[in-house]
Each structure stands twice: as structure tokens, then as C-alpha cells.
Amino acid sequence: LDEALKTGSEQLRAALERQKHDGEILEELGTTDVASVQRALSVQRQGRSKKLDRVVQEMGIAHPEGLYIALAQKFGMPFVQLRNFDIDAQALAFVPEHIAADNGLMPLFLHDDHLVLAVSDPVNREALDLVRFMSGHNVELAVATPEDIHQAIARHYHSREEEKILDELDEYGPDEV
């Protein structure tokens with residue numbers, strides 16, 4: 001296992017070295033220029049409690065979605081807009097709502113024994129390992145904005161809770177409720 005982790009870590013490091021710098025990707029997308037990204041990174045380092053997407057938005061440099069598109073490209077992952085995505089209800093059963101909300105991730109669907117998740121932070125290994133352990137499935141990732149993930153969690157998990165309550169009520173006859 002240690003050797004496999006070491007090999008995986010080396011492969012990830014090599015892949016990251018081949019990737020373009022965030023600023024270059026944002027510039028190619030027409031989102032902003034490298035100097036603006038450097039200023040945003042400097043501001044973010046000074047106020048460590050703020051996330052880069054918030055700093056970029058507050059500075060008027062780029063729309064936060066552009067930053068997540070660049071992040072997806074950097075890691076070679078698809079970018080998804082969850083408001084337009086048909087989420088498989090079966091995938092929700094593998095990740096409890098509090099885990100999804102606490103870790104900023106949304107289960108999307110199962111594909112060939114892989115649970116596909118939308119995440120805003122694709123390097124959060126702790127969360128991904130937790131989902132992998134809880135679900136018993138390998139995990140594949142797509143990138144989405146934190147706002148999209150939050151809205152999808154509210155929309156899909158709450159509707160599941162309502163369905164459970166209605167199903168439980170259906171088990172009882174009208175005289176028993």
C-alpha cells in the first residue's frame with residue numbers, strides 16, 4: 001500500500017508539473033491577466049481567512065466560475081454546472097447530507113463502480129478518502145462552484161427527506177396517522 005501511495009503521489013506531482021499555472025489558464029480563458037491573479041494571490045495571503053474565489057470576485061478581476069473552470073482545467077477534470085445537471089438519486093445514498101455539506105461535495109452518479117462527485121476543492125484528500133471509505137467505491141471528480149454545490153445539496157437532499165417522510169406516512173393507513 002505504501003508503495004502504491006508513493007507511486008500515486010509521484011504521478012500526481014508529475015501531472016501537476018505539466019499543468020499550466022492558474023494565471024495562464026485564466027488568461028487563456030480571457031478571464032483575467034497573470035498580473036491580476038498575482039495581486040489576488042497576494043491579497044488572499046494577507047487575509048488568510050478568505051478563499052481565492054472570493055478575493056477575485058471582490059477585486060472585480062474575474063467571475064468566480066471562471067476560477068473554477070481554470071481549476072478544472074488545471075487538474076484535467078470536467079467542470080459542471082449543477083443547476084443544469086441531472087443528479088442520480090441513488091448516488092445520494094452513499095454520502096450523508098452532513099458529509100456533503102461539511103466537505104463541499106455533491107454525489108452525481110455511479111459509473112462502473114466509481115462514485116462521481118462534484119467538488120470545489122479537488123485536493124481535499126481527507127474528504128475524498130472519507131467518501132471512498134463510506135461508499136465502498138472509487139471516487140472520480142468533477143469541479144463545480146461552492147454555490148452550485150450548496151444549492152444542489154439543499155435541493156436534492158431536502159427533497160429526499162421529504163420523500164422518506166411521505167413514504168413512512170404511506171406505510172400507515174389514514175386512520176393511523
Gap between atom CD of Glu140 and atom CG of Asp112 - 0.5 Å precision
8.5 Å
Are more than 12 heavy atoms, taken from residues, nucleotides or ligands other than His114, located less than 6.0 Å from that residue's NE2 atom?
yes
Rounded distance (nearest 0.5 Å) linking atom NE2 of His98 with atom CG of Asn103:
9.0 Å
State the NE2-CG distance between His156 and Leu92, to the nearest 0.5 angstrom.
7.5 Å
Ile149, Val131, Leu108 screened by side chain to side chain contact (heavy atoms under 4.5 Å, CB included) with Leu117, the one that passes
Val131
If you take all heavy atoms of Leu105 and Ala127, which pair is closest and at what distance?
CD2-CB, 4.1 Å
Find out whether Leu141 and Leu128 are in side-chain contact, i.e. whether some heavy atom of one side chain is under 4.5 Å from a heavy atom of the other.
yes
Answer yes or no: is there a side-chain heavy-atom contact under 4.5 Å between Tyr157 and Pro96?
no
Tell me which donor-acceptor pairs under 3.5 Å the side chains of residues 75-89 have, and how far apart each pair is, sequence neighbours excluded?
unit_1 : atom_1 : unit_2 : atom_2 : d
Gln81  : OE1    : Asn84  : ND2    : 3.2
Gln81  : NE2    : Glu65  : OE1    : 3.4
Gln81  : NE2    : Glu65  : OE2    : 3.1
Arg83  : NH1    : Asp148 : OD1    : 2.8
Arg83  : NH1    : Asp148 : OD2    : 3.1
Arg83  : NH2    : Glu65  : OE1    : 3.3
Asp88  : OD1    : Gln90  : N      : 3.0

Looking at every heavy atom in both Ala100 and Val95, which two are closest together, and how far apart are they?
N-CG1, 3.9 Å
Counting C-beta onward and ignoring hydrogens, is there a side-chain heavy-atom pair between Val119 and Asn124 closer than 4.5 Å?
no
In the structure I gave you, are the side-chain heavy atoms of Glu97 and Ile153 within less than 4.5 Å of one another anywhere?
yes
